[in-house]
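Computed from heavy atoms alone, side chains included, the values below leave out hydrogens, waters and symmetry copies. In the text below, chain A, chain B and the rest are named by the order of the sequence lines, each starting its count at 1.
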Protein chains: 2
Amino acid sequence: MGKEPEDTIASRISRVLADRIVRGELAPGARLRQDHIAEEFQTSHVPVREAFRRLEAQGLAISEPRRGVRVASFDLSEVREVAEMRAVLEVLALTHAARHLTPAILDAAEEATREGDAAADVEAWEDANRRFHRLILAPCGMNRLLASIDDLHAASARFLFSAWQSGWEKHTDHDHRAILHALRQGHADEAAAILQKHVQRIGRGPQAARTGGSREAFAIVG
Amino acid sequence: MGKEPEDTIASRISRVLADRIVRGELAPGARLRQDHIAEEFQTSHVPVREAFRRLEAQGLAISEPRRGVRVASFDLSEVREVAEMRAVLEVLALTHAARHLTPAILDAAEEATREGDAAADVEAWEDANRRFHRLILAPCGMNRLLASIDDLHAASARFLFSAWQSGWEKHTDHDHRAILHALRQGHADEAAAILQKHVQRIGRGPQAARTGGSREAFAIVG
DNA sequence: ATTTCCAAAATTATAGATAATTTTATCGCT
DNA sequence: AGCGATAAAATTATCTATAATTTTGGAAAT
């Protein structure tokens, strides 16, 4: 029991690096040096290079031939782009998932919403939020679609952590509750409409508010 | 002049393999043996492994740890899934591209449509069709979105080649012309609506028609 | 004849070594 | 001092070699 989905060294490295990039431990533009990373993970650089290809495909890193790999940078326009892609893809997924949703799933999603409302920091909120979305979308059973949405969620989380490095405050998520309410009543298209707007809600982080916009810090907050 | 976008061996291998998979030269489920491929490309297997990661991310191959890489298989439900993803993502792209479209671009797109109508085989038609879609969508300037659409187009082409291994017949593409007409009149949302239905048009290939459905052969024909 | 087990072959995954390229630092020149 | 050329260092990309795992083939036993 407890078997990993992928037990190759390359996949482990790519997961850890993706996590660091998303959390902001690795800043945009930072160089990813294969020998250093190989040393840290006690391996050779071959699996490190494979991990790089994965990060590249996820849009978390960019690779210039013979000049190395860097953490991808992003700006407000990419935040918008990801929000809009999430909007259409999550609506598509929910449309198909709706008829497979059970009361048990909706209860679990409501529990995730409660955990999100009670979250003390951004990390905890993000975790609960992602769980909510995954719970109500996974039953669509469309693997390619779900994989794309997952990558977009990683990008969203990255923007979020970048904007809210500190200063998180609790709040009640009315959208999630409205979505669940509509789904419980069997109004799938109403739920989808709320979800569509929900995901495109872009918030201004405390960073931008304090520094007066020297470096804009916006993020998807759904 | 004539500079390649990526001049690394791994990227070249991944392009060639992707092309073979899409064209059906490599059948679904076929094993991709790294040493054999390395020998063919006169390299070691290290860049081959990197190419595999790329193909995996594109959904063209699947890798089982310690058991090798195989060409991804697909069924009718995945054809539908790709069609629906293309529908929502291409509509999103067109919505943003519309205000950047110039008469020159629309003329080029019309030329691509004419080439598609005149195409003697599936390969030529697919090439022209993809060019049409790329031309009208690229001006949206959203790179992540365009990259996703490109991957989906590769999957579409794969389904198409699988269904129409032979027996292609010319036909006039009314959807493309209607889309261009609407765009020329400035009716972006009407164009988007046609595009949305256009991309979800799924055709029955001559294979399925002849063999009586022993192996279903359906494909997106837009 | 069929199944089970074991050994050989093939293949994957990783490590270590080498060549080629880019970056960084130093020195001389104006 | 500032600029440019050149040498040294660091880093990337690849190849060759080795360890570990899986598949294949065949022989023995039922």
Legend entry - Short side-chain to backbone donor-acceptor contact, B/Ser162 and B/Arg158, under 3.5 Å: no
Legend entry - Phosphate contact (D/dT11 OP1 or OP2) by A/Arg33 side-chain N/O below 4.0 Å: yes
Inset, instruction - Take atom CG of B/Leu32 and atom P of C/dT11, then tell me their distance rounded to the nearest Å. - result: 13 Å
Legend entry - Atom-to-atom span, CZ of B/Arg53 to P of D/dA13 - whole angstrom: 17 Å
Inset, instruction - Identify which nucleotide among C/dA15, D/dT14, D/dT12 has an atom closest to any side-chain atom of A/Gln34, counting heavy atoms from C-beta outward. - result: D/dT12
Legend entry - Ring centre gap for A/His36 and A/His45 strictly below 6.0 Å: no
Inset, instruction - With the side chain of A/Val46 defined as its heavy atoms from C-beta on, choose the nearest nucleotide among C/dT11, C/dA15, C/dT23. - result: C/dA15
Inset, instruction - To the nearest Å, give me how far apart CD (B/Glu50) and P (C/dT12) are. - result: 16 Å
Inset, instruction - Please determine if a side-chain N or O atom of B/His36 lies less than 4.0 Å away from the OP1 or OP2 oxygen of C/dA10. - result: no
Inset, instruction - Before accepting this row, confirm whether a basic side-chain N of the pair A/Arg15/A/Asp19 lies closer than 4.0 Å to the acidic partner's carboxylate O. - result: no
Inset, instruction - Sequence neighbours left out, what passes side chain to side chain contact (heavy atoms under 4.5 Å, CB included) with B/Ala93? Give chain and number order. - result: B/Leu137, B/Cys140, B/Leu145, B/Ile149
Legend entry - Below 4.0 Å: OP1/OP2 of D/dT12 and any side-chain N or O of A/Arg67: no
Legend entry - Pairs satisfying salt bridge (charged side-chain N to carboxylate O under 4.0 Å, His left out), at least one member in residues 62-88 of chain B, at least two apart: A/Arg144-B/Glu78, B/Arg86-B/Glu90
Inset, instruction - Compare side-chain N and O positions of A/His45 against OP1 and OP2 of D/dT11 and report whether any pair is under 4.0 Å apart. - result: no
Legend entry - Length of the CZ-P vector between A/Arg66 and C/dT21, whole Å: 6 Å
Inset, instruction - Could you label the plane-to-plane angle of the A/Phe159 and A/Phe74 rings as parallel, tilted or perpendicular, counting under 30° as parallel and over 60° as perpendicular? - result: tilted
Inset, instruction - Name the nucleic acid region contacted by A/Gln42, choosing base, sugar-phosphate or nothing; use a 4.0 angstrom heavy-atom cut-off, strictly under. - result: sugar-phosphate
Inset, instruction - Mind grabbing the angle between the end helix axes of the helix from C/dA1-D/dT30 to C/dT30-D/dA1? Five pairs an end, 10° rounding. - result: 10°
Legend entry - Closest-nucleotide ordering on DNA chain C, the 5'-leading residue of B/Arg31 and A/Thr43: B/Arg31
Legend entry - Distance in angstrom units between A/Asp35 CG and C/dA19 P, rounded: 17 Å
Inset, instruction - Would you please confirm or rule out a distance under 4.0 Å between OP1 or OP2 of D/dT12 and any side-chain N or O of A/Ser63? - result: no
Inset, instruction - Using atom CD of A/Glu39 as one end and atom P of C/dA15 as the other, report the distance to the nearest whole Å. - result: 13 Å
Legend entry - Separation of C/dA13 P from B/Arg49 CZ (nearest whole Å): 4 Å
Legend entry - NZ/NE/NH1/NH2 to OD/OE distance under 4.0 Å, B/Glu126 and B/Arg130: yes
Legend entry - B/Ile9 CD1 - C/dA20 C1' separation (whole Å): 12 Å
